[in-house]
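The shown structure was predicted, so the numbers you read here are calculated from the model rather than taken from an experiment. Each ligand, and each atom within it, is numbered from 1 in the order the structure gives.
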Amino acid sequence: MKYDHILIRYGELALKGKNRVAFEKQLLANIRQVLKPIPGLKVKRTFGRIVVELYEVEPTPVMKLLKNIFGIHSFSLAIRVDNELAEMQKAALKAVEDSEGTVRTFKIITRRAYKPFPIDSQTLNHKIGGFVLANTNDITVDVHQPDATIRVEVRETATYITTDAFKGAGGLPAGTSGKMLLMLSGGIDSPVAGYLAMKRGADLEAIHFHSPPYTSERAKEKVIDLVRKLNEFGGQIKLHIVPFTNIQTHIRDEAPSNFQMTIMRRMMMRISAKLAEDRGLLGIATGDSLGQVASQTLHSIHTINEVTNYPVIRPLITMDKLEVIDLAKKIGTYETSILPYEDCCTIFLPSDSKTKPSRKHANKFEQYIEVDHYLNEAIAGIETLDLTNMTEVEKSIEDLF
Ligand code: ATP
Ligand code: MG
């Protein structure tokens with residue numbers, strides 16, 4: 001008798017009706033996709049749960065992958081037995097013996113989802129608990145704060161016995177919230193913003209502004225690495241790299257120094273919105289956090305946002321830098337983000353940027369900028385990378401074993 005199944009619990013309680021069905025179907029597809037590189041598994045949806053049948057597969061790597069999938073609330077290793085009391089008793093004993101840490105106390109919670117089963121859940125609790133007590137030493141029942149909680153789910157075709165529940169990533173399954181364009185620099189913030197947008201079910205494409213020779217190939221590599229990291233959360237993110245040098249030199253030559261940052265940001269936003277429109281994406285995500293730097297004051301955001309009517313999603317807007325750093329560490333982007341690199345936003349830029357740039361002034365100074373010409377040139381020069389390379393994915397899976 002062994003743990004041969006993983007029981008996956010999901011469910012944003014607020015989801016109803018059609019949304020819920022779409023949620024379940026998408027989650028099932030995503031789990032299958034993520035687990036595909038591990039042969040020999042079967043994933044199916046039964047009775048409001050998703051079950052992974054492990055057969056002979058070692059569970060640890062499977063659980064590692066499940067941890068990253070949005071939409072999963074928690075999951076547990078499960079022993080599947082026939083609907084017979086003796087089998088349930090043996091499985092519960094095994095679950096107590098295998099439970100993590102030292103177990104001095106336990107409790108049994110039975111759910112008889114299959115009502116025709118002849119023994120009611122209260123009696124099952126007693127009979128299974130009694131069997132465990134009779135076959136162990138120094139263990140007692142504690143219904144209030146047990147070291148181990150053994151759950152027994154009686155279903156029509158089988159009974160599942162589980163113990164420890166592992167926390168899932170939460171959120172909504174990737175692909176349930178439409179697609180948006182992530183403005184991805186090599187910094188700490190924007191990858192975290194991308195992660196949070198993905199957590200709410202958004203699919204992403206990413207755009208990165210690159211200013212060779214002032215920004216190097218290495219800066220580009222760094223962004224590619226960040227996209228790969230985000231793809232580990234079930235993304236299939238395409239990366240669009242925009243040549244930005246000509247625009248920056250033009251702005252440097254034509255705009256007053258204290259408005260160069262604002263105008264540069266407006267150009268980035270215009271290019272992003274145009275690309276989003278061309279590719280049928282419905283929004284733009286950024287790593288802005290209110291008041292963090294001159295470009296992220298509400299005045300700046302107001303003026304930069306003037307150039308698009310696309311929704312601009314700013315998941316970090318109310319977060320402190322330390323909170324963002326914590327999250328970056330947790331999701332594994334921090335180490336890459338802090339590698340030294342040149343940011344196209346900092347080259348040439350004078351230090352006297354206005355913290356309260358008005359729309360009126362931005363529009364006035366942009367009269368000297370060839371907005372359309374540079375917008376079209378940038379779009380035409382975009383290089384698109386598809387990083388959903390299966391051999392790469394397979395390699396990272398091998399590392400798990
Ligand atoms: P980050 O840590 O994400 O770089 P930041 O704190 O450095 O953010 P800014 O440099 O002001 O802040 O950038 C604000 C946002 O603008 C970024 O979070 C990102 O969404 C976008 N952005 C900045 N630089 C680039 C770039 N080179 N390419 C694409 N998007 C960019
Ligand atoms: Mg930055």
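No cation-pi contact links K199 to F70, judged by a cut-off of 6.0 Å to the six-membered ring centre and 45° from its axis.
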Filter the ligand 1-protein atom pairs down to N or O on both sides and distance under 3.5 Å, then list them.
unit_1   : atom_1 : unit_2 : atom_2 : d
ligand 1 : 2 (O)  : I188   : N      : 3.0
ligand 1 : 2 (O)  : D189   : N      : 2.7
ligand 1 : 2 (O)  : D189   : OD2    : 3.3
ligand 1 : 3 (O)  : S185   : OG     : 3.1
ligand 1 : 3 (O)  : S190   : N      : 2.6
ligand 1 : 3 (O)  : S190   : OG     : 2.8
ligand 1 : 4 (O)  : S185   : OG     : 2.4
ligand 1 : 6 (O)  : D189   : OD2    : 2.6
ligand 1 : 6 (O)  : Q292   : OE1    : 2.8
ligand 1 : 8 (O)  : D189   : OD2    : 3.4
ligand 1 : 10 (O) : R265   : NH2    : 3.2
ligand 1 : 11 (O) : R265   : NH2    : 2.8
ligand 1 : 11 (O) : S295   : OG     : 3.1
ligand 1 : 11 (O) : Q296   : NE2    : 2.9
ligand 1 : 12 (O) : Q296   : NE2    : 2.9
ligand 1 : 13 (O) : R265   : NH1    : 3.3
ligand 1 : 16 (O) : R265   : NH1    : 3.1
ligand 1 : 18 (O) : G287   : N      : 3.0
ligand 1 : 20 (O) : M183   : O      : 2.7
ligand 1 : 20 (O) : G287   : N      : 3.1
ligand 1 : 27 (N) : F209   : O      : 3.2
ligand 1 : 28 (N) : L184   : O      : 3.4
ligand 1 : 28 (N) : F209   : N      : 3.0

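Side-chain polar atoms of S74 and R9 form a donor-acceptor pair below 3.5 angstrom.
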Acceptor/donor pairs from residues 146-154 side chains to any protein atom, 3.5 angstrom cut, sequence neighbours excluded:
unit_1 : atom_1 : unit_2 : atom_2 : d
D147   : OD2    : R104   : N      : 2.7
D147   : OD2    : T105   : N      : 3.2
E153   : OE1    : R49    : NH1    : 3.2
E153   : OE1    : R155   : NE     : 3.3
E153   : OE1    : R155   : NH2    : 3.0
E153   : OE2    : R49    : NH1    : 2.4

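Ring planes of F233 and Y195: perpendicular class, angle over 60° (limits at 30 and 60°).
Residues satisfying the ring pair (Phe, Tyr, Trp, His ring centres under 6.0 Å) test with H250, not counting sequence neighbours, are Y374.
Contacts classified as salt bridge (Lys or Arg N to Asp or Glu O under 4.0 Å) and involving residues 179-197 (residues at least two apart or in different chains) are given here: K179-E205, D189-K321.
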